Amino acid sequence: MITHQLSVFLENKSGRLTEVLEVLGEENIRITALSVADTSEFGILRLIVSDPDKARVSLKKKNFTVNLTDVISVMAPNEARYYAKILRILSDLDISVEYTYAFSVGAKSIIILRCSDTEKAIEALKRHEMELLKASDLYKI
Amino acid sequence: MEIWNRPFECMDRNGIRHIQSERLRETVERVYFNVPYYRDKMQKAGLGPENIKSIDDIAKLPFTTKQDLRDNYPFGLFAVPMSEIVRVHASSGTTGKPTVVGYTRNDISTWSEVMARTLTSAGANRNDFIQVAYGYGLFTGGLGLHYGGEKIGASVIPISGGNTMRQIQLMHDFGSTVLACTPSYALFLAEAIQESGIKREDLKLRVGVFGAEPWTENMRREIEDKLRIKAIDIYGLSEVIGPGVASECLVQEGLHIAEDHFYPEIIDPETLQVLPSGSAGELVFTTITKEGLPLIRYRTRDLTRLTHETCKCGRTMVRMEKCLGRSDDMLIIRGVNLFPSQVESVLLEMSEIKPHYLLIVDRINNLDTLELKVEVDEAFFQDKISQLESLRHKLQTNLENSIGLGIKVTLVEPKVLERSEGKAKHVIDKRKY
């Protein structure tokens with residue numbers, strides 16, 4: 001139920017994102033989702049890719065600071081109230097969401113969550129019969 | 001032009017050499033019998049006080065360096081009992097330990113005397129209002145100017161550094177005629193005055209005595225144009241006494257060294273051989289009247305050149321040129337000394353980052369800026385912005401506490417910074433003096 005998300009440290013300067021994508025492109029890696037968190041000086045690029053281990057090794061070879069982070073993916077109808085419900089389940093248990101992002105596939109949305117306690121979050125979401133995606137399913141999208 | 005101490009400042013060369021010889025003999029005797037460190041050094045060189053008969057024998061004596069002061073931290077090189085010390089100053093050091101200097105009552109009096117000469121040679125007298133905008137405290141700038149100002153009978157305004165709006169207000173309201181601060185702060189003040197709306201005609205400022213950091217002739221012209229004053233260069237270092245070691249007169253052709261108190265030599269920093277008058281090299285000082293912390297052949301690391309010609313002002317005291325640079329990697333930021341190794345030692349204490357770094361020094365709006373680029377260690381990198389921000393903040397705080405200067409920290413990707421191939425470039429100084 002845990003997805004390995006690729007996190008890359010980037011300085012805020014033009015061309016760096018392009019370089020990351022070019023490295024991944026050479027390895028024929030596919031990207032399911034991408035999100036950027038940034039400050040005025042640096043950013044963190046977060047990616048869900050088809051082969052995270054291979055992506056990590058190839059980026060490291062090019063001197064990028066890379067890490068794999070455990071995130072959870074939940075599939076739900078792409079309506080706000082479902083997103084809200086998921087967050088409510090977690091906050092009721094004092095599980096904090098460090099960040100989240102989502103994308104739509106048809107009428108469904110896939111919600112990626114980084115939680116303070118991943119195991120506890122998975123348990124709680126399962127209890128509420130939320131549809132959790134396996135990493136292998138996600139990488140195939 | 002007024003001269004504070006004509007008998008000494010205009011003495012003929014033979015007279016000066018006679019006094020220097022006598023004072024050197026006394027100093028060598030004093031350190032030999034009172035400072036074990038100097039005695040050991042002299043004995044190792046096969047020297048006793050009897051070998052130093054005149055100033056011509058000075059080159060026989062071993063050098064003293066900043067490292068010697070550090071090795072004897074805090075009071076190991078003092079030549080008098082602590083009961084004789086009436087003042088202590090200190091400057092920042094590389095390993096967190098400052099360089100400590102101690103003054104006897106006579107030393108304070110010598111310092112006031114040389115500062116009185118400095119201020120008089122800049123045209124100041126008892127009718128002046130001297131605004132001392134150097135920092136007061138462990139730094140010697142503020143109190144050095146203060147005592148000299150009182151000695152000549154001027155009215156001293158001990159406003160200390162910073163608080164620009166108040167500087168301008170008091171300059172206007174009190175009618176300050178002399179400004180003492182770093183040259184970069186003088187330029188900063190000049191622009192702040194323009195923006196404040198106060199008219200130049202309403203200020204009585206006439207002359208500035210600027211030092212504690214290197215500056216060029218271009219910068220002097222800019223200060224003189226913008227503030228419409230005469231800008232005088234002064235030189236000093238706390239180890240020798242503080243400001244007042246040397247200063248320009250209104251002729252502005254080199255800085256007169258108070259050589260009846262501080263004997264200068266120019267050496268080749270590589271071979272350590274004394275160079276003839278007129279050659280460029282490293283400035284070395286022997287204090288020949290100081291009691292608290294006498295220094296024998298202290299290597300300043302400042303590069304300059306000496307001339308013994310009599311100045312148009314009538315003073316015969318040897319003159320040094322504006323410093324041409326340093327023979328080590330010390331930086332002077334807003335008047336504060338900084339060695340890159342100080343930064344390095346802070347980095348080495350933090351496991352979250354790699355000890356590869358680049359210091360970028362610049363001058364923006366006439367104020368020195370300091371930026372540190374440093375690499376994040378991959379083992380520490382997770383994917384939280386807050387974690388990186390708090391790391392940046394922690395590093396910035398640690399650095400500021402250690403070096404006593406504001407610094408901007410920027411985290412960079414690995415391998416962006418040049419690796420040491422022989423000697424890594426750790427500093428880029430973009431300032432144009």
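Quick note on labels: first sequence line is chain A, next is B, and so on, each numbered from 1. The model shown is predicted, which means the values in this text are computed figures rather than measured ones.
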Do the ring centers of B:Y357 and B:H426 come within less than 6.0 Å of each other?
->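 When the ring centroids of B:Y357 and B:H426 are compared, they turn out to be within the sub-6.0 Å range.
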Residue part contacting chain B, namely of [X], when any heavy atom lies under 4.5 Å:
| X | value |
| --- | --- |
| A:F64 | both |
| A:L10 | both |
| A:T65 | both |
| A:N12 | neither |

If you count heavy-atom pairs under 4.5 Å between each of B:D377, B:V376, B:L388 and chain A, which one has the most?
->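 Looking at each of B:D377, B:V376, B:L388 in turn, B:L388 comes out on top.
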Matching residue for B:Y185 among B:T164, B:N366, B:D368 - test: side-chain hydrogen bond (donor to acceptor under 3.5 Å, both in side chains) |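 With B:Y185 as partner, B:T164, B:N366, B:D368 yield a single side-chain hydrogen bond (donor to acceptor under 3.5 Å, both in side chains), made by B:T164.
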Regarding A:S7 and B:D383, is there a side-chain donor-to-acceptor distance under 3.5 Å anywhere?
->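 A donor-acceptor contact under 3.5 Å links the two side chains.
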Between A:V8, A:I44, A:D38, which has the largest tally of heavy atom pairs under 4.5 Å with chain B?
->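 Among the listed options, the one with the most contacts to chain B is A:I44.
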Can you check whether B:T410's main-chain N or O pairs, donor with acceptor, with B:R392's side chain at less than 3.5 Å?
->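 Not at all, since once roles are kept as given, no pair shorter than 3.5 Å links the two residues.
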Is the B:F381 ring parallel, tilted or perpendicular to the A:F9 ring (thresholds 30°, 60°)?
->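 Rings of B:F381 and A:F9: perpendicular, as their planes differ by over 60°.
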